[in-house]
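Notes for the one structure printed next.
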Amino acid sequence: MKAWVDVDTKLFDDNLGKTYARVISNHEQIVGFGNIDDKGYIDLFYVSADYQRQGVGQKLLNDLEKSSNYTSFMVNSSITAKPFFEKMGYKETKKNCVHLRGQDFVNFTLKKVVE
């Protein structure tokens with residue numbers, strides 16, 4: 001989709017530079033990546049389709065959460081990733097309609113509080 005291809009790479013790089021980012025690879029192939037800011041917001045989260053349901057997402061998310069000083073976390077998740085985050089203890093707080101580069105997308109705000 002054109003909405004995902006036309007990315008402002010400078011903004012993307014700046015975002016990554018201000019957050020804790022984690023990359024998981026297998027034989028020099030990136031299989032997953034994610035980032036978390038200093039307030040517990042997970043902005044980017046991706047696991048290759050070839051590596052889903054193999055623990056990569058769980059490891060990645062656990063690493064991101066452990067890197068934070070916060071005990072509550074938030075993510076805006078796609079409908080596809082929502083079941084994964086729910087399995088990891090996140091609860092839906094809001095359904096969103098996001099307008100991005102001329103297209104509308106539904107996503108969900110999910111939160112997790114660690115006690």
Side-chain angles (χ1 to χ4, degrees):
M1 290 181 132
K2 188 169 175 38
W4 297 114
V5 175
D6 292 338
V7 174
D8 181 335
T9 55
K10 180 172 177 3
L11 185 63
F12 186 85
D13 288 346
D14 288 347
N15 177 22
L16 282 178
K18 295 175 184 172
T19 62
Y20 173 80
R22 176 90 164 91
V23 175
I24 297 178
S25 62
N26 184 21
H27 302 288
E28 299 184 20
Q29 176 188 6
I30 293 175
V31 299
F33 64 86
N35 75 329
I36 189 167
D37 71 12
D38 61 355
K39 293 183 174 67
Y41 177 69
I42 297 161
D43 184 29
L44 303 171
F45 194 87
Y46 167 81
V47 175
S48 167
D50 295 337
Y51 288 86
Q52 292 178 5
R53 301 188 191 278
Q54 297 180 35
V56 173
Q58 290 177 336
K59 178 168 180 30
L60 181 58
L61 187 58
N62 286 334
D63 287 352
L64 293 174
E65 290 175 355
K66 287 178 185 175
S67 76
S68 174
N69 292 328
Y70 276 74
T71 57
S72 67
F73 305 98
M74 187 177 87
V75 65
N76 287 314
S77 170
S78 68
I79 193 167
T80 306
K82 184 179 176 220
F84 165 78
F85 285 105
E86 290 174 329
K87 178 181 171 188
M88 297 297 291
Y90 286 71
K91 306 274 188 240
E92 178 186 335
T93 61
K94 187 175 157 190
K95 182 177 180 179
N96 309 298
C97 183
V98 180
H99 188 77
L100 178 67
R101 297 182 205 96
Q103 296 186 20
D104 292 326
F105 298 92
V106 172
N107 75 10
F108 300 88
T109 301
L110 293 105
K111 291 187 179 181
K112 176 181 179 179
V113 177
V114 179
E115 298 179 24

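Every value quoted in this text rests on a predicted model; they were computed, and no experiment measured them.
- With sequence neighbours excluded, the residues that form a side chain to side chain donor-acceptor pair (under 3.5 Å) with Glu92 are Lys82.
- The shortest distance between side-chain heavy atoms of Val114 and Lys112 falls below 4.5 Å.
- His99 meets the side chain to side chain donor-acceptor pair (under 3.5 Å) test with Asp104; sequence neighbours excluded.
- Annotation: side chain to side chain donor-acceptor pair (under 3.5 Å) contacts of Asn96 (sequence neighbours excluded): Asn107, Thr109.
- Although no hydrogens or angles enter the test, the distance criterion places no donor-acceptor pair under 3.5 Å between the side chain of Ser68 and the main chain of Glu65.
- The salt bridge (charged side-chain N to carboxylate O under 4.0 Å, His left out) search around Lys59 returns Asp63, not counting sequence neighbours.
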>> For Lys18 and Asp37: C-alpha separation, side-chain torsions, deciding distance, then whether side chain to side chain contact (heavy atoms under 4.5 Å, CB included) applies.
In response: CA-CA 7 Å; Lys18 295 175 184 172; Asp37 71 12; over 6 Å; no
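- In this structure, Ile30 is a member of the same hydrophobic cluster as Leu44, with clusters built from ILVMFWY side-chain heavy atoms closer than 4.5 Å.
- Two different hydrophobic clusters hold Ile42 and Val98 under the rule that ILVMFWY side chains link at heavy-atom gaps under 4.5 Å.
- When every heavy atom of Leu110 is checked against every heavy atom of Ser77, the shortest pair comes out as CD1-CB, 3.4 Å.
- Taking every heavy atom of both residues into account, Leu64 and Ser67 meet most closely at O-OG, 2.6 Å.
- What you find for Thr19 and Ile36 is that their closest heavy atoms are CB-O, 3.3 Å.
- For Ile79, the side chain to side chain contact (heavy atoms under 4.5 Å, CB included) test picks out Phe108, with sequence neighbours left out.
- Under the ring pair (Phe, Tyr, Trp, His ring centres under 6.0 Å) criterion, Phe85 pairs with Phe45, Tyr90, not counting sequence neighbours.
- In the hydrophobic cluster analysis, where Ile, Leu, Val, Met, Phe, Trp and Tyr join through side-chain heavy atoms closer than 4.5 angstrom, Val75 is grouped apart from Tyr70.
- Each side chain to side chain donor-acceptor pair (under 3.5 Å) pair with one or both residues in residues 38-49, not counting sequence neighbours, appears once here: Asn15-Asp43, Tyr41-Asn76.
- Expressed to the nearest 0.5 Å, how far CE of Met88 lies from CG of Leu61 amounts to 4.5 Å.
- Summarising the geometry, atom CG belonging to Asn35 is positioned 13.0 Å from atom CZ belonging to Arg22; distances are rounded to the nearest 0.5 Å.
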